[in-house]
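Before any comments, here is the structure.
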Amino acid sequence: MTTINTTAETVLTPLFINSNALLDHWQGHRRLTRRVIEAFPEDKLFNYSVGGMRPFAGLISEITSMSGPGVKGIATDEWTTINEMDHHTGKTEVNSKEALLKEWDRITDEINTYWAQIPEEKFQEVVLAFGQYEGEAYGIILYFIDNEIHHRAQATVYLRSLGIEPPAFWNRD
């Protein structure tokens, strides 16, 4: 709900989507991105790129270092800084497809755990994500989703260039 103050009364305006529906939507995208990771040949996951873009494992590192810690930051007001994120430090223990999928699943669990701790009104509050990006919490979350879709689309180009049919973009089951 959005609170609108007037001189006479306070009016609550419902959001167009509740937080559980937003999480379900995002988790559908995460299931699809996981299938794209699974479809990617392991020997290309960490070193194949097109047109100077980063390898898919690097794109996944960006997604995972933002999404789980981002939801945790919204829930707890404890934020990782940009300079501490794996995709900025280059430090990662992930060096195989199996490890990448395990990290993906761990982040999915982290999202679910901290999402349940976010009060509904918190989604409307302005936060300073990662000590750098200011915006309403729901807008920050929409950025996480958009960023994932963007990088999954890059991976789709990679898969097609390798002669592999990517998972259907519309199937988020």
Side-chain angles (χ1 to χ4, degrees), residues 14-75 80 85-87 92-118 120 122-124 127 129-130 133 135-173:
L15 297 174
F16 78 98
I17 187 172
N18 69 40
S19 63
N20 289 332
L22 181 58
L23 178 60
D24 288 344
H25 177 81
W26 187 8
Q27 292 296 15
H29 281 289
R30 290 188 60 78
R31 286 187 295 274
L32 176 53
T33 301
R34 190 181 198 288
R35 285 197 296 275
V36 172
I37 296 168
E38 290 171 335
F40 221 91
E42 183 151 7
D43 66 326
K44 303 292 187 204
L45 194 54
F46 294 88
N47 59 27
Y48 185 79
S49 71
V50 173
M53 296 186 290
R54 291 174 285 167
F56 189 36
L59 304 176
I60 293 299
S61 176
E62 179 182 316
I63 294 167
T64 57
S65 64
M66 292 179 74
S67 55
V71 172
K72 179 181 179 183
I74 291 168
T80 303
M85 298 172 128
D86 287 349
H87 71 285
T92 181
E93 301 296 319
V94 177
N95 56 13
S96 68
K97 184 192 288 193
E98 180 182 346
L100 192 64
L101 289 167
K102 187 174 181 178
E103 177 67 0
W104 188 262
D105 294 342
R106 185 189 71 75
I107 293 295
T108 298
D109 290 342
E110 183 176 11
I111 290 168
N112 290 335
T113 296
Y114 284 103
W115 193 279
Q117 298 173 28
I118 302 172
E120 198 73 27
K122 178 76 176 196
F123 290 93
Q124 300 296 315
V127 298
F130 308 111
Y133 306 109
E136 291 171 313
Y138 76 87
I140 300 295
I141 292 166
L142 290 174
Y143 174 80
F144 299 155
I145 298 167
D146 291 344
N147 187 56
E148 180 179 331
I149 294 167
H150 163 72
H151 288 317
R152 186 177 65 233
Q154 288 175 282
T156 296
V157 170
Y158 291 175
L159 287 173
R160 289 193 183 281
S161 73
L162 291 167
I164 299 168
E165 182 68 24
F169 76 92
W170 46 265
N171 184 357
R172 291 183 245 150
D173 295 338

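Values below: every heavy atom of this structure, side chains too, minus hydrogens, waters and symmetry copies. Numbers here are sequence positions counted from 1.
Between R34 and D105 the shortest side-chain heavy-atom distance falls below 4.5 Å. Two residues are said to be in side-chain contact when any heavy atoms from C-beta on lie closer than 4.5 Å; T33 and I60 meet this criterion. For the pair L162 and P41, the minimum side-chain heavy-atom distance is below 4.5 Å. You'll find the side chain of L23 reaches within 4.5 Å of the side chain of I111, heavy atoms only. Proximity of L22 to W115: side-chain heavy atoms (C-beta onward) are separated by under 4.5 Å at one or more points. Taking the side chain as every heavy atom from C-beta outward, L100 and F56 never approach each other to under 4.5 Å. At a threshold of 4.5 Å between non-hydrogen side-chain atoms, the residues I141 and W26 count as touching. A 4.5 Å side-chain heavy-atom check between M53 and L59 finds every atom pair outside the cut-off.
Partners of N147 by side chain to side chain donor-acceptor pair (under 3.5 Å), not counting sequence neighbours, listed by chain and number: E62, H151. With sequence neighbours left out, A153 forms a side chain to side chain contact (heavy atoms under 4.5 Å, CB included) with no residue at all. Evaluation of the side chain to side chain contact (heavy atoms under 4.5 Å, CB included) rule for N171 yields R35, A168, D173 as partners, not counting sequence neighbours. Legend: residues meeting salt bridge (charged side-chain N to carboxylate O under 4.0 Å, His left out) with E165, ordered by chain and number and at least two apart, are R160. Take N112 and apply the side chain to side chain donor-acceptor pair (under 3.5 Å) test, not counting sequence neighbours, and it matches Q27. Considering only residues two or more places apart in sequence or on other chains, S67 meets the side chain to side chain donor-acceptor pair (under 3.5 Å) condition with none of them. Annotation: salt bridge (charged side-chain N to carboxylate O under 4.0 Å, His left out) contacts of E136 (sequence neighbours excluded): none. With sequence neighbours excluded, the residues that form a side chain to side chain donor-acceptor pair (under 3.5 Å) with Y48 are S161. Take I149 and apply the side chain to side chain contact (heavy atoms under 4.5 Å, CB included) test, not counting sequence neighbours, and it matches H29, I145, R152. Every side chain to side chain contact (heavy atoms under 4.5 Å, CB included) that A99 has, sequence neighbours left out, goes to V94, S96. Annotation: ring-ring contact (aromatic ring centres under 6.0 Å, His included) contacts of W104 (sequence neighbours excluded): none.
Residue I17 holds its CD1 atom at 8.5 Å from CG of L142, rounded to the nearest 0.5 Å. Of the inter-residue distances, the one linking M66 atom CE with F144 atom CZ reads 5.5 Å to the nearest 0.5 angstrom.
For the side-chain contact (heavy atoms from CB on, under 4.5 Å) test with V71, the passing option among I140, T113, I118 is I118; the others fail.
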**OP:** Could you check N18 against E120 for side-chain contact (heavy atoms from CB on, under 4.5 Å), going step by step and ending with a plain yes or no?
**Re:** CA-CA 8 Å; N18 69 40; E120 198 73 27; 4.2 Å; yes

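Contacts classified as salt bridge (charged side-chain N to carboxylate O under 4.0 Å, His left out) and involving residues 23-32 (residues at least two apart or in different chains) are given here: R30-E148.
Between the side chain of K97 and the main chain of F40, a donor-acceptor pair closer than 3.5 Å is present.
No salt bridge links E98 with K102; every basic N to acidic carboxylate O contact stays at or beyond 4.0 Å.
Taking each heavy atom of S61 and T64 in turn, the nearest pair found is O-OG1, 3.2 Å. In plain terms, the two heavy atoms of V36 and A155 that are nearest each other are CG1-CB, 3.7 Å. Closest heavy-atom contact between P69 and E110: N-OE2, 4.0 Å. A pairwise comparison of heavy atoms in S65 and F130 identifies O-CE2, 4.3 Å as the closest pair. The minimum heavy-atom distance between L32 and P167, with the atom names listed, is CD1-CB, 3.8 Å.
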